[in-house]
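Have a look at the structure below before the remarks.
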Amino acid sequence: MLDRMIRAAKLDPSLYEEVEADTASMPQATGVVLLAAVAGGIGTIGEAGTPGFVVGTLLSLLGWYIWSFITYIVGTRLLPQPATQADLGQLLRTIGFASAPGVLRVLGVVPGVGQLALVVSALWSLAAMVVAVRQALDYDSTGRAIAVCLIGWLVQVLIIAIPFLVLGMFVAGSGGQVPAA
């Protein structure tokens, strides 16, 4: 798994082809997402504490699934190319490995380096996702893969943000207090 993570972080297209075809790599892809999520939790634990760590880890897993699903729909139904043939599992595996650079988020605890590590890992993961999507969807255009990734990311952010906005309005409407059940 470590070798695959390194190859994913190196943006090696052959790695993404490999995990796309390897249906047995789903546990590894899930492990990569979990490692990146835990690294992110550790990197932000000073700011968010234990509840932020737990919620952040769960949201990372949920975000991976949502982003993969949306990418699958957009990439295979709305913006396919003639050679595009993929299923949700292929996107989950390739996008899972694309989160490998997210392990750098553990450096978020290092004063003076933390914010830079978070930004670098986010941009690096996005670049890995573009490679993953291009390979999984058999695109011959990196621009198309970028468009699919950005659309998927925007929709995912909205889906995850809506419950927080609703909860925020609910709490604000009750004078800052959540009413007892």
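Fair warning: this is a prediction, and the values are worked out from it, not measured in the lab.
Side-chain contact between Leu11 and Val130 is absent, with no heavy-atom pair separated by less than 4.5 Å. Contact annotation: the side chain of Lys10 never approaches that of Leu15 to less than 4.5 Å [non-hydrogen atoms, C-beta and beyond]. Looking at Leu35 and Met1, their side chains come closer than 4.5 Å, going by heavy atoms from C-beta outward. A heavy-atom distance below 4.5 Å is not found between the side chains of Arg7 and Tyr16. In this structure, Ile42 and Val109 have side chains that are in contact, with non-hydrogen atoms separated by less than 4.5 Å.
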In sequence, state the C-alpha distance, the side-chain angles, and the governing distance for Gln28 and Asp22, and then conclude on side-chain contact (heavy atoms from CB on, under 4.5 Å).
CA-CA 11 Å; Gln28 285 186 348; Asp22 182 5; 5.6 Å; no

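Judged by distance alone, with hydrogens and angles left aside, the side-chain atoms of Trp64 form no donor-acceptor pair with the main-chain N or O of Val33 at under 3.5 Å. Checked by atom type and distance alone, the side chain of Ser125 never pairs as donor or acceptor with a backbone atom of Ala122 at under 3.5 Å. Under the 3.5 Å distance criterion, the side-chain polar atoms of Trp124 are matched with a main-chain donor or acceptor of Ala9. At least one donor-acceptor pair closer than 3.5 Å links the side chain of Arg93 to the backbone N or O of Glu20.
Each of Trp67 and Leu123 belongs to its own hydrophobic cluster when Ile, Leu, Val, Met, Phe, Trp and Tyr are linked at side-chain heavy-atom distances under 4.5 angstrom. In the hydrophobic clustering of this structure, Leu78 groups with Leu88; members are Ile, Leu, Val, Met, Phe, Trp, Tyr whose side-chain heavy atoms approach within less than 4.5 Å, directly or through other members. Connection of Ile6 to Val106 is not established within any shared hydrophobic cluster, with ILVMFWY side chains joined at heavy-atom distances below 4.5 Å, either directly or through further cluster members. Leu61 is connected to Val155 through a chain of hydrophobic side-chain contacts under 4.5 Å among Ile, Leu, Val, Met, Phe, Trp and Tyr, so both are in one cluster.
Note: Phe69 and Tyr65 have parallel aromatic rings, judged against thresholds of 30 and 60 degrees for the angle between ring planes.
Comment: Arg4 does not engage Asp12 in a salt bridge, judged by the lack of any side-chain N to carboxylate O separation of less than 4.0 angstrom.
Between atom CG of residue Asp138 and atom OG1 of residue Thr76 there is a gap of 11.5 Å, rounded to the nearest 0.5 Å. Rounded to the nearest 0.5 angstrom, Leu79 CG and Arg77 CZ are separated by 13.0 Å. In this structure, the separation between CG on Leu154 and SG on Cys149 is 11.5 Å, given to the nearest 0.5 Å. Atom-to-atom distance recorded for Leu91:CG and Leu137:CG is 5.0 Å, nearest 0.5 angstrom. The OG1 atom of Thr71 sits 9.5 Å away from atom CD1 of Ile151, with the distance rounded to the nearest 0.5 Å. Atom CG of Leu116 sits about 9.5 Å away from atom CG of Leu107, to the nearest 0.5 Å.
Residues in residues 139-149 take part in these side-chain hydrogen bond (donor to acceptor under 3.5 Å, both in side chains) pairs, two or more places apart or across chains: Gln81-Asp140, Arg134-Thr142.
Ser99 and Ala36 get closest at one heavy-atom pair: O-CB, 3.4 Å. The two residues Ala128 and Ala98 come nearest to each other via the heavy atoms CB-O, 3.5 Å.
When each of Gln90, Glu18, Glu17 is checked for a side chain to side chain donor-acceptor pair (under 3.5 Å) with Gln135, only Glu17 meets the rule.
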